[in-house]
Amino acid sequence: MELMQTALLAALDRVADEAWAGRAVLSYRLSQETSTMDAHNLHFCESTMGSVIEVLHRRLDLPDDPRTRLAGDMLVAAWRVAVGEWSAEADGPPSVPALAARFRDTVAALPGSLTLTAAPRQEERGSGHELQ
């Protein structure tokens, strides 16, 4: 997962500039309003991750189990969360370093997300929200 994170950040560093950041924010916001565009983005992520997994299996001695794919999918999920939060915060010109930092923070939150627990909230009686 660290290798994939490093590769993604290196690619971001090579191709992204402030003009790219502006287009990325607009594209993300449009995809949130257009279900077919969001579906296309998900399909692109799926296709790209499949290619990444193939390359990793060719170049590295990885076990033949679901962990590699799960790690990749978690990284894609972290990317999507980071872009969503970054684009929501972009009131002024969006910043590529801010996206990279947001992505690093989101990836760092992944281990804790696997052990996240929560208890049901206690609703007030008569609030109309009781479970039936």
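Note that the numbering runs from 1 along the sequence shown for the chain.
- Listed here is the closest heavy atom pair of W86 and S95: NE1-O, 2.9 Å.
- Side chain of T106 to main chain of R102: a donor-acceptor pair is present (N/O by atom type, distance under 3.5 Å, no hydrogens or angles).
- Under the 4.5 Å side-chain heavy-atom criterion for Ile, Leu, Val, Met, Phe, Trp and Tyr, L3 and M1 are members of the same hydrophobic cluster.
- When each of L70, V52, V107 is tested with L75 by the rule side chain to side chain contact (heavy atoms under 4.5 Å, CB included), just one qualifies, namely V107.
- Of the inter-residue distances, the one linking L12 atom CG with D17 atom CG reads 10.5 Å to the nearest 0.5 angstrom.
- Looking only at side-chain heavy atoms (C-beta outward), Q32 and M37 stay at 4.5 Å or farther from each other.
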**OP:** Let me see the working for V83 and V25 under side chain to side chain contact (heavy atoms under 4.5 Å, CB included), right down to the final yes or no.
**Re:** CA-CA 8 Å; V83 169; V25 166; over 6 Å; no

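- Residue pairs meeting the side-chain hydrogen bond (donor to acceptor under 3.5 Å, both in side chains) criterion with at least one partner in residues 49-62, sequence neighbours excluded, are absent.
- Clustering ILVMFWY residues whenever any of their side-chain heavy atoms sit less than 4.5 angstrom apart, transitively, puts M4 in the very cluster that holds L60.
- In the hydrophobic clustering of ILVMFWY residues, with side-chain heavy atoms under 4.5 Å counting as a link, M49 and L42 come out apart.
- Counting only residues at least two apart or in different chains, side-chain hydrogen bond (donor to acceptor under 3.5 Å, both in side chains) contacts with residues 62-81 comprise D38-R80, E46-R69, D65-R67, R69-D73.
- Separation of atoms CG (L9) and CZ (R14) is listed at 11.0 Å; rounding is to 0.5 Å.
- Hydrophobic clustering (ILVMFWY, side-chain heavy atoms < 4.5 Å, transitive): V76 and L8 are in one cluster.
- The backbone N or O of F44 sits nowhere less than 3.5 Å from a side-chain atom of S47 that would complete a donor-acceptor pair.
- In this structure, the separation between OH on Y28 and CG on L99 is 11.5 Å, given to the nearest 0.5 Å.
- Not a single donor-acceptor pair under 3.5 Å links the side chain of S27 to the backbone N or O of R23.
- Heavy atoms only, all atoms of each residue included: P94 and E18 are closest at O-OE1, 2.6 Å.
- The two atoms that bring L110 and S113 nearest to each other are O-OG, 2.6 Å, heavy atoms only.
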